[in-house]
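Data first, discussion second: the structure below is written as structure tokens.
Reckoned from all heavy atoms, side chains included, excluding hydrogens, waters and symmetry mates.
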Amino acid sequence: MVIIVGLGNPGRKYHHTRHNVGFRVVDHLAAGGRKFKKNANGDLDLSLEWEGRKLLLLKPQTYMNLSGEAVAGVLQRGRDRVIAVCDDLNLPLGNIRVRKDGSDGGHKGLRSLIEHLGTDEFVRVRVGIGRPDPGQDVVDFVLKPPKDGEDSVFEAVVQTAAEAVRLILADGVDAAMNRFNRRATQ
């Protein structure tokens, strides 16, 4: 099975924030009226098949910095692949970077995944959310909705990130890296 985890924070308060772009991508992948349900850990998940492959879409309800707990709770070690979708301050708004593995890059949600999975060998789809204005607090920036005029870029990058996940599933990580790592949706 492939576990596609969107990193974000639970609750309506955070729904449209920059930090929740991972949740939005997973919601886009679940389109078509499918409903997430609470699993035994209280996290929201949706099992489905895509081109004959079993998928588990996961939206941890543990808050961003504890996302690894949720993934570890559903992971069957050695049998499941993980694709994590998250925001990235170091990428310009609208850019996507696909990685096979690597460090957390300062992202606390990815750090939690690495700690709880015991490895950094999982695929990441990092979605550029831009940088805060000079003097603006980073936490305040990521926990606020996009500025006026950025909504269309966010909608486009959510669709593009979902397309990257589908390409990873269909043709592999290398194909997705070649196609998306240099492309901006703006």
**OP:** Find the distance between CE (Met1) and CD (Glu49) and round it off to the nearest 0.5 Å.
**Re:** 10.5 Å
**OP:** Return yes if some donor-acceptor pair links the side-chain N/O of Asp171 with the main-chain N/O of Leu167 below 3.5 Å, else return no.
**Re:** no
**OP:** Could you tell me the separation between the CZ atom of Phe180 and the CD atom of Glu163, rounded to the nearest 0.5 Å?
**Re:** 4.0 Å
**OP:** Using atom types as modelled and distance alone, determine if a side-chain donor or acceptor of Asn20 lies under 3.5 Å from a backbone N or O of Phe23.
**Re:** no
Original post:
Nearest heavy-atom pair of Gly106 and Arg111: which atoms, and what distance?
Top reply: CA-NH2, 3.9 Å
**OP:** Check whether any side-chain heavy atom of Val85 lies under 4.5 Å from a side-chain heavy atom of His28, and answer yes or no.
**Re:** no
**OP:** For the pair His19 and His107, name the ring-plane relationship: parallel under 30°, tilted 30 to 60°, perpendicular over 60°.
**Re:** tilted
Subject >> 4.5 Å side-chain heavy-atom contact, Glu51 and Leu169 >> reply: no
**OP:** For the pair Phe154 and Ile129, evaluate side chain to side chain contact (heavy atoms under 4.5 Å, CB included) and give the outcome as yes or no after the intermediate values.
**Re:** CA-CA 8 Å; Phe154 265 89; Ile129 61 168; 4.1 Å; yes
**OP:** Treat each ILVMFWY residue as a node, draw an edge where side-chain heavy atoms are under 4.5 Å apart, and state whether Leu75 and Val2 are in one component.
**Re:** no
Subject >> Ser103 side, atom OG; Leu110 side, atom CG - distance, nearest 0.5 Å >> reply: 8.5 Å
Original post:
Taking the side chain as C-beta and beyond, is there a heavy-atom pair between Phe122 and Val71 under 4.5 Å?
Top reply: no
Subject >> Under-4.0 Å salt bridge between Arg99 and Asp88 >> reply: no
Original post:
Going only through I, L, V, M, F, W and Y residues with side-chain contacts under 4.5 Å, is there a path from Leu48 to Leu44?
Top reply: yes
Original post:
Val158 and Val25: side chain to side chain contact (heavy atoms under 4.5 Å, CB included), yes or no, with the steps?
Top reply: CA-CA 5 Å; Val158 164; Val25 171; 4.2 Å; yes
**OP:** In sequence, state the C-alpha distance, the side-chain angles, and the governing distance for Glu155 and Arg24, and then conclude on side chain to side chain contact (heavy atoms under 4.5 Å, CB included).
**Re:** CA-CA 9 Å; Glu155 287 307 311; Arg24 291 173 67 183; 2.4 Å; yes
Subject >> Leu66 and Tyr63, any side-chain heavy atoms less than 4.5 Å apart >> reply: no
**OP:** For the pair Ser112 (side chain) and Gly68 (backbone), establish whether a donor and an acceptor sit closer than 3.5 Å, ignoring hydrogens and angles.
**Re:** yes
Original post:
When rounded to the nearest 0.5 angstrom, what distance separates CD1 in Ile114 from CG in Leu117?
Top reply: 8.5 Å
Subject >> Where Ala84 and Leu113 come nearest, the two heavy atoms and their spacing >> reply: CB-CD1, 3.7 Å
Subject >> salt bridge (charged side-chain N to carboxylate O under 4.0 Å, His left out) partners of residues 9-21, not counting sequence neighbours, each pair once >> reply: Arg18-Glu150
Original post:
Is the shortest heavy-atom distance from the side chain of Val165 to the side chain of Val26 under 4.5 Å?
Top reply: no
**OP:** Could you pull out the closest heavy-atom pair between Leu46 and Ala30, with the gap in Å?
**Re:** CD2-CB, 3.4 Å
**OP:** Look only at the side chain of Arg179 and the backbone of Ala176, and say whether a donor-acceptor pair between them is shorter than 3.5 Å.
**Re:** no
Original post:
Side-chain contact, heavy-atom cut-off 4.5 Å: Val74 with Asp43?
Top reply: no
**OP:** For Leu91 and Ile96, run side chain to side chain contact (heavy atoms under 4.5 Å, CB included): C-alpha distance rounded to whole Å, both residues' side-chain angles, the deciding distance at 0.1 Å, then the answer.
**Re:** CA-CA 7 Å; Leu91 289 175; Ile96 291 175; 5.9 Å; no
Original post:
Can you name the nearest heavy-atom pair linking Cys86 to Leu7, along with the distance?
Top reply: CB-CD1, 3.7 Å
Original post:
Can you tell me if Asn9 uses its side chain to pair, donor with acceptor, with the backbone of Met64 under 3.5 Å?
Top reply: yes
Original post:
Should Val123 and Val82 be counted in the same cluster of Ile, Leu, Val, Met, Phe, Trp and Tyr side chains packed under 4.5 Å apart?
Top reply: no
Original post:
Taking all atoms of both residues into account, what is the closest heavy-atom pair of Ile83 and Ile168, and its distance?
Top reply: CD1-CG2, 3.7 Å
Original post:
CG/Asp45 to CG/Leu56 distance, rounded to the nearest 0.5 angstrom?
Top reply: 5.0 Å
Subject >> Side-chain (Arg124) to main-chain (Gly102) donor-acceptor, under 3.5 angstrom >> reply: yes
Subject >> Pairwise side-chain contact, Leu89 with Phe141, heavy-atom cut-off 4.5 Å (strictly under) >> reply: yes
Original post:
Shortest non-hydrogen contact from Val125 to Ala161?
Top reply: CG1-CB, 4.2 Å
Original post:
Taking the side chain as C-beta and beyond, is there a heavy-atom pair between Leu29 and Leu55 under 4.5 Å?
Top reply: no
Original post:
How many angstroms lie between OG in Ser67 and NZ in Lys59, if you round to the nearest 0.5 Å?
Top reply: 13.0 Å
